[in-house]
2 protein chains.
Amino acid sequence: MSEYRPPILTIDGIIFQLIDGQLCVLLLQRQNIPFKGQWALPGGYNPEGETTMQALTRVLRVKTGIDTKRLGLIEQLYTFDSVGRDPRGHAVSVSYMGLCYGLSPLGGKTTENPQFFPVSNLPKLAYDHPDIIKYAHERLRSKLAYTNAVFALLPSQFTFPQLQSAYEAVLGHELDKRNFRKRFTELDLIVPTGEFLREGAHRPAKLYCFKHQSLQSLPRNFD
Amino acid sequence: MSEYRPPILTIDGIIFQLIDGQLCVLLLQRQNIPFKGQWALPGGYNPEGETTMQALTRVLRVKTGIDTKRLGLIEQLYTFDSVGRDPRGHAVSVSYMGLCYGLSPLGGKTTENPQFFPVSNLPKLAYDHPDIIKYAHERLRSKLAYTNAVFALLPSQFTFPQLQSAYEAVLGHELDKRNFRKRFTELDLIVPTGEFLREGAHRPAKLYCFKHQSLQSLPRNFD
DNA sequence: ACAAAAGTGTTAAGAATACACCCATGT
DNA sequence: ACATGGGTGTATTCTTAACACTTTTGT
């Protein structure tokens with residue numbers, strides 16, 4: 001087993017965020033071949049001695065200025081390993097899905113122009129990244145349906161309309177306002193903070209916060 | 001990037017089968033250090049140029065005599081990558097869950113004594129394999145709840161009591177016979193073959209087969 | 001005739017869906 | 001006073017859950 005040679009190991013991050021009621025994903029513009037100039041998911045090499053999670057943290061920090069601690073939720077998605085997926089050679093990519101809120105401006109001294117794009121309107125993408133994003137969106141949809149994962153897409157205080165609009169953006173269809181409020185209230189996941197959000201010429205909205213900022217599964221599904 | 005060194009890449013298979021109404025998992029007894037003599041999931045190295053699925057197929061064939069074509073369903077589970085999980089060095093393992101029926105005797109000229117063990121009564125296991133099996137069982141449970149995955153645990157012809165018992169073995173609790181039959185019948189996944197299974201001093205059971213032997217998700221959940 | 005597992009329907013409780021008006025604010 | 005989005009309840013349909021006896025066979 002001494003002449004054993006492993007494939008290259010890489011990681012990719014699919015970082016979702018809601019912007020203007022739209023589900024968006026973080027992309028950057030490649031500065032090198034292959035796919036120079038094209039948009040791609042943030043990703044990079046995973047060397048020996050580093051876990052995939054550590055590699056992801058490093059890559060996100062260096063290439064996008066995002067600290068993984070600012071992701072409200074992060075979980076391993078899938079490992080993509082088609083031999084031909086990277087033109088440079090056999091590369092196995094462990095992908096992670098992350099959810100965040102309010103990271104739009106993207107500090108960091110990066111050269112790769114990181115930006116969030118609406119998943120409904122993506123630019124031409126490098127590698128098999130369109131498939132990976134589709135897969136991640138699918139996973140996110142079901143995650144939202146049977147867990148409290150929305151918390152990671154919202155600010156610490158939020159209104160019921162914001163909460164509902166987060167669900168609608170991810171699920172891709174509208175929900176009935178009264179039924180949504182009734183069901184979500186019964187789940188007993190959120191409490192009113194006592195404050196209100198005033199914005200515009202209309203009734204202010206009650207602010208709520210989640211009781212727990214950790215993932216838990218729900219007894220019944222949203223869809 | 002020329003001095004980049006990847007971790008070792010390995011694959012592991014979690015192969016489930018029902019035996020005597022119990023959910024069982026395939027293990028083999030290690031002949032080499034580390035963990036010499038202990039039971040472990042079938043697994044092995046994934047060299048450059050081979051997909052994880054190809055590596056799994058090769059390893060299962062060589063170590064257990066099982067052809068992956070005889071698995072009714074196989075899907076990627078998770079990638080385990082704690083740096084300390086293999087005492088020989090940093091090894092990242094892509095795991096696959098497989099479901100099969102009737103592979104008990106295990107042909108093949110193997111030296112590692114492959115055997116199926118009930119998940120409720122496992123021997124001492126090497127590595128982090130107890131965690132991996134727990135994770136796989138959890139996934140299987142939810143897979144059975146919202147897809148037609150049972151087909152992969154049953155013979156091509158089966159009775160309603162066998163079908164129900166497969167669910168009970170995986171879910172770990174009993175189901176109401178009449179409700180189960182009603183709901184499963186409504187799903188319209190199976191058709192009577194016209195034959196009967198006679199075994200013992202009681203009424204023979206109608207045999208059914210699945211309309212499709214491919215994974216599809218169900219509108220409503222079993223649990 | 002008896003033991004053993006297969007097969008079959010109904011009812012009641014709970015969950016999901018559809019639906020329309022009043023409320024609080026800024027201009 | 002009016003435009004804007006926030007907030008609220010009920011009736012109907014569908015789904016789930018609980019439950020007991022008859023049928024067919026082998027011995």
Protein proximity profile, nucleotides 19-27 of chain C - base contact B, sugar-phosphate-only contact S, no contact -, cut-off 4.0 Å on heavy atoms: BB--BBBB-

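- For the side chain to side chain donor-acceptor pair (under 3.5 Å) condition, the pairs that include at least one residue of residues 205-217 of chain B, sequence neighbours left out, are B:Asp188-B:Lys211.
- Here A:Lys206 lies in heavy-atom contact (under 4.0 Å) with sugar-phosphate atoms only.
- Under the 3.5 Å distance criterion, the side-chain polar atoms of A:Asp20 are left unmatched by any main-chain donor or acceptor of A:Gln22.
- The pair A:Arg183-A:Glu186 fails the salt-bridge criterion, with no side-chain N (NZ, NE, NH1 or NH2) lying under 4.0 Å from an Asp/Glu carboxylate O.
- Note: CZ (B:Arg220) to P (C:dA15) measures 16 Å, nearest angstrom.
- Atom-to-atom, CG of A:Asn221 to C1' of D:dT16 comes out at 15 Å; the value is rounded to the nearest Å.
- The shortest distance between the side-chain N/O atoms of B:Arg181 and the OP1/OP2 oxygens of C:dG7 is below 4.0 Å.
- Here D:dA18 presents its C1' atom at 14 Å from CG of B:Leu175, a figure rounded to the nearest Å.
- Side-chain atoms of A:His129 come within 3.5 Å of backbone N or O of A:Leu41 as a donor-acceptor pair.
- Between A:Phe184 and A:Phe210, the angle of the ring planes goes over 60°, which puts this pair in the perpendicular group of the 30/60° scheme.
- A:Arg183 has its CZ atom 15 Å from the C1' atom of C:dA18, to the nearest Å.
- In summary, the aromatic rings of B:Phe222 and B:Phe180 are positioned with their centroids under 6.0 Å apart.
- Judged by distance alone, with hydrogens and angles left aside, B:Lys182 brings no side-chain donor or acceptor close enough to the base of D:dT15 to form a pair under 3.5 Å.
- Residues from residues 157-165 of chain B lying near DNA chain C, meaning a heavy-atom separation below 4.0 Å, are B:Pro161 in numerical order.
- For the residue pair B:Thr52 / A:Asp81, a side-chain donor-acceptor distance below 3.5 Å is found, with atom types taken as modelled.
- Rounded to an integer number of Å, the gap from CG of B:Leu197 to C1' of D:dT25 is 12 Å.
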task: Show the numbers, then the answer: is there a side chain to side chain contact (heavy atoms under 4.5 Å, CB included) between A:Leu60 and A:Thr68?
output: CA-CA 7 Å; A:Leu60 280 183; A:Thr68 44; 3.7 Å; yes

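- Scanning both residues, B:Gln162 and B:Leu154, for their nearest heavy atoms gives O-CD2, 4.1 Å.
- Rounded to whole angstrom, the span from the CZ atom of A:Phe180 across to the C1' atom of D:dG9 amounts to 18 Å.
- For the pair A:Phe184 CZ and D:dT8 P, the interatomic distance rounds to 16 Å; values are reported in whole Å.
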